[in-house]
Peer 1: 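Input: one structure, supplied below.
Start at 1 and go down the list; that is how both ligands and their atoms are numbered. In this chain, residues are counted from 1 in sequence order.
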Amino acid sequence: MLFHVKMTVNLPLDMDASRAAQLKADEKELAQRLQREGTWRHLWRIAGHYANYSVFDAPSVEALHDTLMQLPLFPYMSIEINGLCRHPSSIHADDR
Ligand SMILES: O=C(O)C[C@H]1C=CC(=O)O1
């Protein structure tokens, strides 16, 4: 199942700079692993915002939730999710 996910990061302004840097490094490591594994299909920065549009491939809503909860920045994110299904006019037969 494919999901469109918008993540907006709101780190506390008073968070220690080294703590923020560590969280971002840990987030990057997991994000890149999930991309290599095919779970995190797309990752796009939303220009001008500390936010991204992503596409996740997860077997269920519960699996997506579990994956998102593992993200180091999860406690500092607001997340919006929309389920995707194949568009009848799409020419891409492999859109799943
Ligand atoms: O920067 C972000 O949008 C938040 C998060 C998503 C991937 C990553 O490395 O950080």
Side-chain angles (χ1 to χ4, degrees):
M1 300 170 71
L2 294 179
F3 299 92
H4 183 267
V5 178
K6 179 183 180 186
M7 302 177 203
T8 303
V9 184
N10 291 296
L11 290 177
L13 293 175
D14 61 352
M15 178 179 274
D16 181 69
S18 62
R19 169 80 178 131
Q22 187 62 56
L23 279 170
K24 291 176 188 178
D26 292 347
E27 178 86 12
K28 182 174 184 174
E29 185 179 336
L30 181 54
Q32 294 188 336
R33 178 162 68 79
L34 291 168
Q35 287 172 78
R36 282 191 292 271
E37 292 172 356
T39 301
W40 199 326
R41 291 265 205 105
H42 290 269
L43 172 55
W44 295 92
R45 175 64 74 221
I46 303 174
H49 299 268
Y50 190 8
N52 71 75
Y53 286 130
S54 291
V55 175
F56 279 77
D57 189 353
S60 66
V61 176
E62 289 80 6
L64 175 67
H65 181 75
D66 290 347
T67 297
L68 294 175
M69 280 194 69
Q70 289 172 23
L71 298 176
L73 288 174
F74 179 84
Y76 307 103
M77 285 176 174
S78 57
I79 299 178
E80 299 168 37
I81 298 170
N82 287 290
L84 301 175
C85 58
R86 182 168 163 71
H87 193 289
S89 301
S90 173
I91 63 168
H92 300 289
D94 61 347
D95 284 353
R96 292 178 266 117

Peer 1: Considering only non-hydrogen protein atoms, determine which one is nearest to atom 7 (C) of ligand 1 and report residue, atom name and distance to 0.1 Å.
Peer 2: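 Protein heavy atom with the smallest distance to atom 7 (C) of ligand 1: Trp40 CH2, 3.7 Å.
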
Peer 1: Return the orientation label for the His4 and Tyr53 ring planes: parallel under 30°, perpendicular over 60°, tilted otherwise.
Peer 2: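 Tilted.
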
Peer 1: For atom 2 (C) of ligand 1, tell me which residue out of Met7, Glu27, Gln32, Arg45 has the closest non-hydrogen atom.
Peer 2: Arg45

Peer 1: At less than 4.0 angstrom from any non-hydrogen atom of Val9, what atoms of ligand 1 do you find?
Peer 2: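 Contacts of ligand 1 toward Val9, numbered from 1: 4 (C).
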
Peer 1: Side chains of Trp40 and Ser54: closer than 4.5 Å at any heavy-atom pair?
Peer 2: yes

Peer 1: Any side-chain to backbone donor/acceptor pair from Arg86 onto Ser90? Under 3.5 Å, distance only.
Peer 2: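 Yes, Arg86 side chain to Ser90 backbone: donor-acceptor pair under 3.5 Å.
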
Peer 1: Any heavy atom of Phe74 sitting closer than 4.0 Å to ligand 1?
Peer 2: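 No, Phe74 has no heavy atoms under 4.0 Å from ligand 1.
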
Peer 1: Where does Leu71 meet ligand 1, judged by heavy-atom distances below 4.0 Å: at the side chain, the backbone, both, or neither?
Peer 2: neither

Peer 1: Side chain to side chain donor-acceptor pair (under 3.5 Å), that's the test. Do Gln70 and Asp66 meet it? Break it down for me.
Peer 2: CA-CA 6 Å; Gln70 289 172 23; Asp66 290 347; over 6 Å; no

Peer 1: Just to be sure I read this right, does ligand 1 sit under 4.0 Å from the backbone of Tyr53, its side chain, both, or neither, counting only heavy atoms?
Peer 2: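 Contact part for Tyr53 vs ligand 1: neither.
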
Peer 1: Just wondering, more than 12 heavy atoms not from Gln35 lying within 6.0 Å of its CD?
Peer 2: yes

Peer 1: For the pair Arg33 and Glu37, evaluate salt bridge (Lys or Arg N to Asp or Glu O under 4.0 Å) and give the outcome as yes or no after the intermediate values.
Peer 2: CA-CA 6 Å; Arg33 178 162 68 79; Glu37 292 172 356; 3.0 Å; yes

Peer 1: Heavy-atom pairs closer than 4.0 Å: do any link ligand 1 to the side chain of Lys24, the backbone, both, or neither?
Peer 2: neither

Peer 1: Nearest 0.5 angstrom please: Leu73 CG to Glu27 CD, how far?
Peer 2: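 Answer rounded to 0.5 Å: 4.0 Å.
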
Peer 1: Looking only at protein heavy atoms, identify the closest one to atom 6 (C) of ligand 1 and say how far it is in Å.
Peer 2: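 Of the protein heavy atoms, Asn52 ND2, 3.5 Å lies nearest.
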
Peer 1: Near Tyr50, which atoms of ligand 1 are under 4.0 Å from a heavy atom of that residue?
Peer 2: 1 (O), 2 (C)

Peer 1: If the cut-off is 4.0 Å to any non-hydrogen atom of Lys28, which atoms of ligand 1 fall inside it?
Peer 2: 9 (O)

